[in-house]
Amino acid sequence: MDNSLKKSDNTQKQKLNSEQFAAVQHTEGPVMIIAGPGSGKTRVITERIAHLINIGINPENILALTFTNKAAKEMKARIADLTENNDVFAICMGTFHSIFSKILREEAHIIGYTTNFTIYDNEDSVKIIRRIIKDLNLDKDIYNAKNIFTRISLMKNYIISPKKYLHSETLKKQDLNNKRPEFLNIYRKYCESCKQSNCMDFDDLLINTYDLFKENEEILNKYQTKFQYILIDEYQDTNKVQDEIIKQVSDKNKNVCIVGDDSQSIYSFRGANINNMLNFKKFYSDVKEFKLEQNYRSTQNIVNAANSLIAYNKNKIDKTIFSDKEEGEKIQLLEYYNDREEGQKIATLISNSIQQSTSASQHAVLYRTNSQSKVIEDGLRKLGVKYKIYGGLSFYQRKEIKDIMAFLKLILNNNDDESLLRIFNYPTRGIGLSTINKIRLKAEENNYTIWRTLNSEKINEVHFTKNVKKNIDHFVELLHTIFKSINKNVFEILELVIETTGIVRRLEDNPNPENINRLENISELFNSTKIFSMRSNNDKLIDFINEISLDESTEQKTTHNDYVSLMTIHQSKGLEFPYVYIVGLENGLFPSQQSMREKKQLEEERRLFYVAITRAIKKVIVSYSLNRFKFGSMNQTTQSLFLNEINYYFIKTIKNQKAYKSHSTTFSIPKLNNRKLVKITNNDHNHHYKNLQIGQNILHNVFGKGTIKTIDNSHGNQKIKVLFLEHGEKILLTKFAKFKIIS
DNA sequence: CGGTAGAATATTTTT
DNA sequence: TATTCTACCG
C-alpha cells in the first residue's frame with residue numbers, strides 16, 4: 001500500500017477522545033457528525049461500523065457510502081482488523097454510483113432496462129449531445145455540447161426531468177436568455193437516446209435509483225429492510241438526488257449517520273449542495289449531533305491560519321477547530337517571477353528538503369488546475385526527484401483502451417449505440433462517415449438502435465455501393481461472432497476481440513512511439529483482465545465492465561514507491577502530507593476567474609484553499625507567480641485575495657530576491673511531449689540489444705524485472721515478449737523499449 | 001473512403 | 001501551448 005497516503009499512525013494508537021467515543025457508540029437514530037480536518041473522521045467511521053458488527057449487527061444490513069471506491073476499500077480493510085469478522089465484505093460499501101449501479105442491475109427490468117445496461121462516461125455523453133445538436137441543425141457555438149451536458153447533468157442532480165423542466169418558468173427563461181430555446185428538446189432527445197440504447201450516464205445511476213424507489217413501494221421496502229444502518233461519509237459533497245435517496249432508504253429505521261464538514265464542501269460544480277448537511281437537522285427530528293473539533297494532524301499555526309481564512313465565509317456551521325500539537329512554523333509565502341521559475345524553485349525546495357533527511361513521499365504539491373502540474377514536473381524531473389501525478393486521464397479513458405472497451409461493452413449490450421458508433425469504422429474497415437450517418441438516420445426514423453437496424457429489413461431501404469455493402473456485411477458478421485463469446489471469461493473475450501478485429505496487428509504494423517505506447521497500454525489491459533479473471537468467482541464480463549466504468553482512480557503506475565505527490569486540491573481531499581506546497585495563488589487562477597464574480601462561488605474557492613492548507617501535518621508553503629503562461633502567451637497576474645485573509649500572524653512572506661533578474665528563461669528544460677504518451681528513448685542503444693536471447697532477464701524502466709519469452713525479428717522490427725515479475729506478459733519493441741540486460 | 005496538414009479553440013474542479 | 005476539428009487531396 002502507498003505509505004504516502006496512509007494516515008499517520010499517531011492517532012491510531014491513542015484512545016478515542018470522548019466526543020469520538022460517543023459518536024461511535026451512539027448507534028440508534030439520526031446522527032450528524034461534524035468532523036473538522038484531521039479530527040480522526042475516518043477512524044470514527046471505521047470504529048463505528050466495527051462497533052455495529054461487534055454488537056451483533058449483520059454486516060449485510062449496513063450501508064456505507066464513501067466518496068471514492070478506494071476509500072471504501074481501505075476502510076473495509078481496517079474494519080476487518082477491528083472485528084475479527086471475515087465477513088466485512090458483506091457490508092454494502094462503496095460510492096453512491098457503484099452501490100446503486102448494482103441495485104439497478106438487480107431491478108433493471110422494473111424501470112425498462114435490462115440487467116446488462118452499460119454506462120456512458122462523460123466523453124460518451126458529450127459526443128451524443130454533439131450529435132443531437134448537429135442533427136437538429138443548431139449552431140454549435142451557441143449550443144456548446146459540453147455546456148449543454150453540464151446543464152443536463154445539473155438538472156438531473158436536482159431531479160428536474162424534462163417534464164418538470166416544462167413547468168419551470170425560471171429555467172425556461174434562463175435558457176431563453178442564453179439564446180438556447182432548444183435546450184429542453186436536446187435534453188429530451190438525450191434521455192431518449194440513453195434509454196433506447198439501454199445505457200445510463202453517471203447521473204442516471206442516481207436518478208434512476210431515486211425513481212425506482214419512488215415508484216415501487218415493495219422494492220423500496222425491500223431495501224429499507226435490508227439497510228438497517230446507513231452511514232454516509234463526506235455528506236457536504238452530496239447532491240440533491242443523493243440526499244433524497246438517503247431520505248428514501250432511511251425512512252423506515254431512521255438509523256442514518258452522516259459525516260462531513262461543511263467547510264470542506266468543494267464539489268458544487270457537480271451539484272453538491274452544502275445545504276444538505278445544514279438542513280439535515282431540520283428534516284429529521286431529534287438528530288444527535290457530534291462535533292469533532294480537535295485536529296490531530298496539523299500544527300497550531302496551520303490550524304490557526306486555516307481558521308482565520310475560513311472565517312471569511314458566511315455560510316457555515318459554527319465550530320472551533322483547534323490543535324494541541326506544537327506551534328510549528330508559520331506558513332511561508334513565496335513570490336516568483338513566472339510560473340516556470342515557480343516550478344523550478346519549488347522543486348529545488350523539495351529536493352533540498354529530501355536531502356535533509358525527509359523522504360520524497362512526505363511532500364505534496366497541490367494546485368487548482370491540472371495544467372499547472374507541467375511546470376512542477378519539469379522542475380522535479382530536472383533535479384531527478386521522483387514524483388507521481390494524480391489525475392489527468394484515467395487509464396480507462398485513454399483512446400485505445402476506450403476503443404477496445406467499446407467492443408466489450410457492445411458484447412454486453414448490443415444496443416449501446418455510442419459504443420457501436422465508436423468502432424463502426426475502427427479499425428478502419430471501409431465504412432465512412434457518410435455511410436454511418438445514413439444508417440444512423442434510418443435507425444432514428446424507426447426508433448431502432450443501430451444494431452437492430454443492421455439486423456432488420458430496414459437496412460435494405462438504405463442505398464449503398466456494392467463495396468460498402470460488402471464491408472457492412474462483414475462488420476455485422478464480425479459482431480455476431482464476438483457477441484457469441486459473452487459467457488466466456490473476460491480474458492478470453494478480449495483475446496477474441498483483438499484477434500478478430502486486428503486492432504493490435506494494425507498498431508504493430510506501424511510502430512511509431514505513439515502506437516508503441518498504445519500497445520503497452522493494451523497489454524496492460526490484458527493483464528488486468530487476466531487478474532480479474534483469476535480473482536474470486538466473478539469473472540463475468542458484466543462485473544468487469546461495471547467495475548471499470550466506475551473506476552475513478554487516475555493514478556499512474558510507478559515502480560518506485562518513494563515519490564512526491566502532485567495533484568489538484570480536489571484530489572487531495574482526505575489525504576495528508578507532512579509538507580504541502582500550494583502553488584499558483586493568483587487571482588483568476590485560484591480563485592478561478594469564473595468564481596470571482598459570485599459570492600457563493602468565491603466561498604467555495606475559499607473552502608478549497610482551506611482544504612489545501614489543512615492537508616499539511618508540519619509545514620505549508622504557498623506560492624504565486626507574477627507572470628503566468630496561458631494559451632501560449634505570458635500574462636501578468638496579481639496575488640490571490642485569499643492570501644490577505646490569512647491572519648498575518650500565521651504567515652510569513654519571503655520575497656524572492658532573484659525573482660526579477662531570473663535567468664531561468666535562458667536555458668531550456670527537456671520537454672515532456674504530453675502526459676499520456678511517448679517515452680522516446682535512446683535509439684543509439686539499439687545495437688546493444690541485437691543479440692538478445694530467450695531466457696535472458698531484463699530490467700525495464702517501467703515494468704521492472706522480467707524474462708524474455710520470445711523474440712520476433714520479422715517486419716524489420718525486433719519484438720520481444722517478456723514476462724515481467726510484477727506486470728505479467730508484455731510485447732516490447734526493442735527499438736523503443738528502455739531496458740537493461742541483467743543476466 | 002482515408003489520411004494529413006493546417007486551423008480553431010481551449011483551462012476549473014470529477015463520480 | 002496542446003489538443004481537437006475541418007478541409008482537401010490522393
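Every chain is numbered from 1 and lettered A, B, ... according to where its sequence line falls, protein lines coming before strand lines.
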Classify the side-chain pair A/E107/A/Y223 by whether it contains a donor and acceptor separated by less than 3.5 Å.
yes
Closest nucleotide among B/dC1, C/dC5, B/dT13 to the A/S434 side chain
B/dC1
Separation between the C1' atoms of C/dC5 and B/dT12, rounded to whole Å:
23 Å
Counting only side-chain nitrogens and oxygens, does A/T68 get under 4.0 Å of the OP1 or OP2 atom of B/dT15?
no
Regarding the side chain of A/Q571, the nearest nucleotide among C/dC5, B/dT14, B/dT13 is B/dT14
Between A/V468 and A/S592, who's closer to the 5' end of DNA chain B by nearest nucleotide?
A/V468
Write down the distance between CZ (A/R130) and C1' (B/dT9), rounded to a whole number of angstrom.
12 Å
Counting the atoms with a prime plus P, OP1 and OP2 as sugar-phosphate, which does A/Y267 contact under 4.0 Å by heavy atoms, base, sugar-phosphate, or nothing?
sugar-phosphate
Between B/dT15, B/dT12, B/dC1, which nucleotide has the shortest distance from any of its atoms to the side chain of A/T435?
B/dC1
Under 4.0 Å, heavy atoms only, any strand: does A/F629 hit a base, just the sugar-phosphate, or nothing?
sugar-phosphate
Between A/E377 and A/Y387, does any side-chain donor sit less than 3.5 Å from a side-chain acceptor?
yes
Please measure how far the C1' atom in B/dT11 lies from the corresponding atom in C/dT6, and state the result in whole Å.
23 Å
Nearest-neighbour nucleotide for the A/N144 side chain, B/dT14, B/dA10, B/dT15 considered:
B/dA10
Could you check which of B/dT14, B/dG3, B/dT15 has an atom nearest any side-chain atom of A/F269?
B/dT14
Could you work out which one of B/dT13, B/dA10, B/dG2 sits closest to the side chain of A/N370?
B/dT13
Nearest-nucleotide pick for A/T369, side chain only, options being B/dT12, B/dG2, B/dT11:
B/dT12
Just by distance, no angles: are the side chains of A/Y267 and A/N239 close enough, under 3.5 Å, to form a donor-acceptor pair?
no
Taking only side-chain nitrogens and oxygens of A/T568, does any of them come within less than 4.0 Å of OP1 or OP2 of B/dT14?
yes
Does A/K573 reach a base, just sugar-phosphate, or nothing at all? Heavy atoms under 4.0 Å.
nothing
Considering only heavy side-chain atoms of A/R368, the closest of B/dT11, B/dT15, B/dT13 is B/dT13
Nearest-neighbour nucleotide for the A/R270 side chain, B/dT11, B/dG3, B/dT15 considered
B/dT15
Face-on cation placement of A/K399 at A/Y426 ring, 6.0 Å and 45° thresholds:
yes
Starting from P on B/dT14, measure out to NZ on A/K70 and report it in whole angstrom.
14 Å
For A/K374 and B/dT11, is the shortest distance between a side-chain N/O and OP1 or OP2 below 4.0 Å?
no
Reading DNA chain B from 5' onward, which residue's closest nucleotide shows up sooner: A/Q601 or A/I436?
A/I436
Selected nucleotide, minimal atom distance to A/H570 side chain, candidates B/dT13, B/dG3, B/dT15:
B/dT13
Nearest whole Å is fine: how far is B/dG2 C1' from A/F424 CZ?
17 Å
May I ask you to verify if any side-chain N or O of A/S371 is less than 4.0 angstrom from the OP1 or OP2 atom of B/dT12?
no
Is there, by distance only and without an angle test, a donor paired with an acceptor across the side chain of A/N122 and the base of B/dT15 below 3.5 Å?
yes
Which whole-number value in Å describes the distance from A/K399 NZ to C/dA2 P?
21 Å
